[in-house]
Amino acid sequence: MSPAVEVVEVGPRDGLQNEIVVLPTARKVELVNRAVEAGVRRVEAVSFVHPRRVPQMADAEAVMAALPRRDDVRYIGLVLNERGLDRALAAGVDEVNVVVVASDTFGRRNQGTTTDEGVAVWSRIAGRAREAGLRAGVTIAAAFGCPFEGTVPAERISEVAARVAEAGPSEIALADTIGVGVPTQVTDRLARVRAVAPGVPLRCHFHNTRNTGYANAVAALTAGVTTLDASVGGIGGCPFAPAATGNIATEDLTYLLDGMGVASGLSSEALARLGTWVGEQLGKPVPALLGRAGPFPG
């Protein structure tokens, strides 16, 4: 078991992008600031996608301009094409995350590219980001299953990972975008990716659609992964994946890590309060449970 883990807060991007309520810029900035106050040091804060496709992310530049800069906090911007990279560079993100979808059908629905085209786009973005002095990570989406094609074979993930590794990513993330994976698959696919991308740091991104997200997070930790994504309140999903629900909740994950003796540097109680606040902003209860049950011992 890893002695420590870095939790990347993705609620401001992956969390909010699937919500009907569009939060004003000031509320998004408050969300990020409160997450940082709770100990988060890496935040996927914005997405540079076309506002017609994802209107919840239309104010990415305004959010970045309003966020306070700290030497110990890094803000990530999601980019899907070179135009998005241009915007991210101008907005002053600290690193970029690029998505390559492991299935062609979902890739076309999500960002208008096949997997092959996505790998080519990633390679160009990685080169340009490196020239600009930015870290560039890549997420392999639908790494366990596709809402249109079904199960994605493990061999497919190995192939995609080997190809994206050629561009020198700062890390490779495996994303269970629709929440269909189970722990044995997590262990197997991580081992396969390590075999084809030795030395590249790995990150995992789990959705809790079928209530396996936390078990998968523990499996990833046991397999040596030290970076996990989570969304405060457990909000989110993908606008282009039918029935996809939110990420594992940052506060619930932190409670789990605390109980296992795995250091994260996060305050589960502060995050639980933040998750409740997020629900108030969205006008509905959030999926996270710690804010309802409370800490233990109380």
Side-chain angles (χ1 to χ4, degrees), residues 6-10 12-14 17 32 40-50 53-54 57 60-61 63-64 67 69-102 107 110-143 157-175 177 190 193-194 196-205 220 225-230 238 247:
E6 175 186 54
V7 177
V8 179
E9 176 56 54
V10 300
R13 198 281 300 176
D14 200 22
Q17 73 171 5
V32 174
V40 172
R41 292 297 175 262
R42 207 168 159 212
V43 185
E44 192 170 67
V46 291
S47 173
F48 297 95
V49 296
H50 199 291
R53 296 273 286 170
V54 187
M57 297 289 107
E61 283 85 356
V63 171
M64 285 302 304
L67 288 175
R69 297 308 178 101
R70 294 174 38 159
D71 292 339
D72 62 342
V73 175
R74 299 206 308 275
Y75 299 124
I76 306 168
L78 177 74
V79 300
L80 300 181
N81 51 42
E82 292 192 75
R83 170 59 183 147
L85 177 63
D86 291 339
R87 293 175 59 197
L89 293 173
V93 300
D94 298 304
E95 56 184 290
V96 294
N97 180 41
V98 181
V99 172
V100 174
V101 183
N110 190 60
Q111 56 211 69
T113 62
T114 64
T115 302
D116 287 348
E117 292 165 344
V119 171
V121 170
W122 147 249
S123 298
R124 292 194 296 271
I125 291 174
R128 287 188 55 200
R130 192 160 41 245
E131 290 173 2
L134 286 188
R135 288 166 49 104
V138 60
T139 294
I140 302 176
I157 304 308
S158 301
E159 172 202 344
V160 175
R163 294 174 63 191
V164 299
E166 293 176 0
S170 59
E171 68 185 354
I172 295 175
L174 294 187
T177 309
L190 286 170
V193 172
R194 280 202 177 93
V196 299
V200 179
L202 301 183
R203 170 179 162 190
C204 285
H205 178 103
V225 169
T226 57
T227 305
L228 295 172
D229 288 358
C238 178
N247 299 72

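Here the structure is a predicted model, which means the values were calculated and not measured.
When all heavy atoms are compared, the tightest approach of G112 to E117 is O-OE1, 4.2 Å. Smallest separation of non-hydrogen atoms from V7 and A230: CG1-CB, 4.1 Å. Residues F48 and G77 come closest through the heavy atom pair CE1-CA, 4.1 Å. Nearest heavy-atom pair, V79 versus G84, reported as atom, atom and distance to 0.1 Å: CG1-O, 3.5 Å. Between V46 and A60 the shortest heavy-atom distance is CG1-O, 3.7 Å.
Taking CD from E171 and CZ from R135, the interatomic distance works out to 6.0 Å, rounded to the nearest 0.5 Å. Taking CZ of R41 as the reference point, atom CZ of R70 lies at 4.5 Å (rounded to 0.5 Å). Rounded to the nearest 0.5 angstrom, E82 CD and R124 CZ are separated by 5.0 Å. The distance from atom OG1 of T113 to atom CG of N81, rounded to the nearest 0.5 Å, is 9.5 Å. Note that NE2 of H205 and CG of L228 are 11.0 Å apart. Values are rounded to the nearest 0.5 Å.
Inter-residue side-chain proximity for I140 and I172 is flagged as met; some heavy-atom pair is nearer than 4.5 Å. Put simply, the side chain of V10 does not reach to within 4.5 Å of the side chain of Q17, judged on heavy atoms. Between P12 and V63, every side-chain heavy-atom pair lies at or beyond the 4.5 Å cut-off.
With R203 contributing its side chain and V138 its backbone, the two residues share no donor-acceptor pair below 3.5 Å. Using a distance-only test at 3.5 Å, with no hydrogens or angles considered, a donor-acceptor pair links the side chain of R130 to the main chain of A167.
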Given V164 and V119, is the side chain to side chain contact (heavy atoms under 4.5 Å, CB included) satisfied, shown in steps?
-> CA-CA 6 Å; V164 299; V119 171; 4.2 Å; yes

Side chain to side chain contact (heavy atoms under 4.5 Å, CB included) assessment of R163 paired with V196 = CA-CA 9 Å; R163 294 174 63 191; V196 299; over 6 Å; no

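With no hydrogens or angles considered, a side-chain donor-acceptor pair links D14 and N247 at under 3.5 Å.
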May I have the list of side-chain donor-acceptor pairs in residues 87-102 shorter than 3.5 Å, sequence neighbours left out?
{"from": "R87", "atom 1": "NE", "to": "E61", "atom 2": "OE2", "distance (Å)": "2.7"}
{"from": "R87", "atom 1": "NH1", "to": "V49", "atom 2": "O", "distance (Å)": "3.2"}
{"from": "R87", "atom 1": "NH2", "to": "E61", "atom 2": "OE1", "distance (Å)": "3.0"}
{"from": "R87", "atom 1": "NH2", "to": "E61", "atom 2": "OE2", "distance (Å)": "3.3"}
{"from": "D94", "atom 1": "OD2", "to": "Y75", "atom 2": "N", "distance (Å)": "2.7"}
{"from": "E95", "atom 1": "OE1", "to": "R42", "atom 2": "NH2", "distance (Å)": "2.8"}
{"from": "E95", "atom 1": "OE2", "to": "R42", "atom 2": "NE", "distance (Å)": "3.1"}
{"from": "E95", "atom 1": "OE2", "to": "R74", "atom 2": "NE", "distance (Å)": "2.9"}
{"from": "E95", "atom 1": "OE2", "to": "R74", "atom 2": "NH2", "distance (Å)": "3.3"}
{"from": "N97", "atom 1": "OD1", "to": "T139", "atom 2": "OG1", "distance (Å)": "3.0"}
{"from": "N97", "atom 1": "ND2", "to": "E44", "atom 2": "OE2", "distance (Å)": "3.2"}
{"from": "N97", "atom 1": "ND2", "to": "T139", "atom 2": "OG1", "distance (Å)": "3.2"}

